[in-house]
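Below, chains carry the letters A, B, ... as their sequence lines are ordered, and counting in each starts from 1.
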2 protein chains.
Amino acid sequence: MGVTTNDIARICQVSRTTVIRALNNQGRISKETKDRIVRTAEELGYRPDLLARGLVKGKTMYIGVVVFDVKNQYFAQMLSAIETEAQTRGYCVNITLHGKNREKEVDLIRKLVDYHVDGLILSPVNKGEHFNKFLKSLDTPLIVIGNKVSDEIPFVGIDERRAAREATDKILDSGYERVVFVCPPLGESKEGNNYTHEQRLEGFRDAMGSRFTEGQIISSESYGEEAASILEEGGGRTAFFCSGDIYAMDIMKYLKARGKRAPKDYGIMGFDDIELLEYLSPRLSTIYNSVEEVAKRAVELLFDEMEGREIAMETYERYRLVQGETL
Amino acid sequence: MGVTTNDIARICQVSRTTVIRALNNQGRISKETKDRIVRTAEELGYRPDLLARGLVKGKTMYIGVVVFDVKNQYFAQMLSAIETEAQTRGYCVNITLHGKNREKEVDLIRKLVDYHVDGLILSPVNKGEHFNKFLKSLDTPLIVIGNKVSDEIPFVGIDERRAAREATDKILDSGYERVVFVCPPLGESKEGNNYTHEQRLEGFRDAMGSRFTEGQIISSESYGEEAASILEEGGGRTAFFCSGDIYAMDIMKYLKARGKRAPKDYGIMGFDDIELLEYLSPRLSTIYNSVEEVAKRAVELLFDEMEGREIAMETYERYRLVQGETL
DNA sequence: ATGAAAGCGCTAACAG
DNA sequence: CTGTTAGCGCTTTCAT
């Protein structure tokens, strides 16, 4: 449908090669013919066919990103950072979503690879040896954010376990007698990749030591109700350590409707420090997870990998406890 | 690098044409050879090169989406809906962001078109005849959401003007003597497409009628402070009508820090009904703008257009006043 | 039921 | 400085 180099070559009475040289200004070419070609190309509204170019060059100047959701602020922030970082390098980002559907995730990755994206950034919901093999078989540079797949797939994130331990220590230091770990993702299918949340649980366990009991974990969808009934029980000053700010927000909302408020009636701590916390009060105590830095680093590493440099299999960014008003 | 139809043809001792027929099961082919081909293709891990396929078919089964931000919940919800809707039709979505950079927006659109996406959904920040011509010149089916470009580019959205008028009427009916319209986007460059917000302003004007004065518009970045100083002035019960929930949230936060609360000290109304409002209290009065429906409709129309059907140039979805606690 | 040949639009190696 | 040739991997007539 569009104008091709052939058309221009015919009109300018030169070969296609010359047209290419003029348009991509490479190689020796006389200023006159070049100008003539460039001018007619513009007049005709010539646009290179990127599929054809990609086919022959084996590069597309696109990097693919696969995540499950953008409504989740964590991913929204991540995607923004990736986009910015990639564009400064002249690359475009192709973002695709699958909503925690594991087969769809694999399909999307495949399709991106079949389209020859030059690199891939994922925050996968799949896990296991099968998925690991799959990723390795792609021979496309890729970086995983957050949910580690294996030691063979480069990973960027924060030390979730240590962060969770410190957070729990902080809660304990604040004098809470009972600490409950709230982590709905752990209640989801065991087939999914929950590395991040599992690490947080480990950190919680580390800090609790001998005080840990299974009863201190809420992993159901109805965590609001469960939290409420735990508070009803009595049994000492209680704090909820939530494996995600959003769960903390839900709990605060739920308990508030029942007349209970933090930090007066209970303590609560989140995880992620998503941007919308600034609109809430009381300010939630949480852990800043450096999404932007993680995303930026992921892009850096991806480009290193794309350019053939050796990269670390694990890269950790800093996290930081955020002192709020809910402990 | 990968396995091609040529490799399979050689191995199976057939022609490439036969391989294609087997793999895409089309045309007549004996079950035996077909099975043999399919099996070896699987064994070798054959994957079709989508660039090559796209090049020859002129279709890519991708639709491109260009918006400026995903951190904005409005867009996050929109993108989710588009993704879901497109995937049920077997299409992938390529989301790209430009952060209100007008040149970058044009570049991204161009690039998507040069990659032969089969359709395009935009919420543009460009406007004017030049941009209109540009879009028309693409000869790629496209739909615009929210910011109308012209009568020649299919548009989906809600009747912003009418919604804003009703909202203002509602505020006036609630007994507020002074109503201020808060719309920071109107303070940005006049070069940008602010159709949505301009319509909301018109609606506000419609409702205010002779009571309207220019002094009732806040369009600066420091709307928090301005709102505060307006309240200080005194001068009757005051309400802020914000052209976006986020501005309302900011104002509430700002005023709260100064000891003023809605609806006791002032009234406030938002626009969009973004999902995170449910975490706030008091519940913001606002206007539900049917993002999901709008997005879904946009995809429907896009497919109609892609399939050659005639489509309406303007499509409006319902909106709905949401009765909150801030008026 | 299968194959040969041409072509999508671009690039690159090699001549001249 | 310019042109010729071959090819990326797939699809699509048109033959056989």
Engineer: Side chain of Val14(A) only, please: which of dG9(D), dG3(D), dC1(D) is the nearest?
Structural biologist: dG3(D)
Engineer: Tell me the interatomic distance from Ile8(B), atom CD1, to dG9(D), atom C1', rounded to whole angstroms.
Structural biologist: 12 Å
Engineer: Which atoms form the tightest heavy-atom contact between Leu301(A) and Ile311(A), and what is the distance?
Structural biologist: O-CG2, 3.9 Å
Engineer: Quick one: Gln26(B) CD to dT12(D) C1', roughly how many Å, whole number?
Structural biologist: 9 Å
Engineer: Nearest-Å distance, CD1 (Ile29(B)) to P (dT16(D))?
Structural biologist: 21 Å
Engineer: Take atom CD of Gln13(B) and atom C1' of dA1(C), then tell me their distance rounded to the nearest Å.
Structural biologist: 17 Å
Engineer: Does the side chain of Ser15(A) get closer than 4.0 angstrom to OP1 or OP2 of dT4(D) through an N or O atom?
Structural biologist: no
Engineer: From NZ of Lys57(A) over to C1' of dG9(C), roughly how many Å is that when rounded to an integer?
Structural biologist: 14 Å
Engineer: Mapping Thr33(B) and Ala52(B) onto DNA chain C by nearest heavy atom, which one lands closer to the 5' end?
Structural biologist: Thr33(B)
Engineer: Considering only dA4(C), dG9(D), dG3(D), which nucleotide approaches the side chain of Arg21(A) most closely?
Structural biologist: dG3(D)
Engineer: May I ask you to say what Ile20(B) touches in the nucleic acid, namely base, sugar-phosphate or nothing, with a heavy-atom cut-off under 4.0 Å?
Structural biologist: base
Engineer: I want to know whether Tyr62(B) and Tyr115(B) have ring centres closer than 6.0 Å.
Structural biologist: no
Engineer: Just by distance, no angles: are the side chains of Ser123(A) and Asn147(A) close enough, under 3.5 Å, to form a donor-acceptor pair?
Structural biologist: no
Engineer: Give the rounded distance in Å between these two atoms: CG of Asn6(B) and P of dG3(C).
Structural biologist: 13 Å
Engineer: Would you indicate what Thr17(A) reaches in the nucleic acid, counting non-hydrogen atoms under 4.0 angstrom: base, sugar-phosphate, or nothing?
Structural biologist: base
Engineer: Please name the pair of heavy atoms, one in Thr196(A) and one in Gly146(A), separated by the smallest distance, quoted to 0.1 Å.
Structural biologist: OG1-O, 3.3 Å
Engineer: Let me check something: any side-chain donor-acceptor pairs from residues 77-85 of chain A under 3.5 Å, sequence neighbours excluded? List them with distances.
Structural biologist:
residue	atom	partner	partner atom	Å
Gln77(A)	OE1	Glu275(A)	N	3.2
Ser80(A)	OG	Ala76(A)	O	3.4
Glu83(A)	OE2	Gln87(A)	NE2	2.6
Thr84(A)	OG1	Ser80(A)	O	2.8
Glu85(A)	OE2	Arg89(A)	NH1	3.1

Engineer: Hey, is the side chain of Ser30(A) poking within less than 4.0 Å of OP1 or OP2 on dT2(D), counting only N and O atoms?
Structural biologist: yes
Engineer: Check the distance between dT2(C)'s P and Asp35(B)'s CG and give it to me in whole angstrom.
Structural biologist: 12 Å
Engineer: Closer to the 5' end of DNA chain C via nearest nucleotide, is it Val56(B) or Lys34(B)?
Structural biologist: Lys34(B)
Engineer: Between Leu55(A) (CG) and dG7(C) (P), how many Å, whole number?
Structural biologist: 17 Å
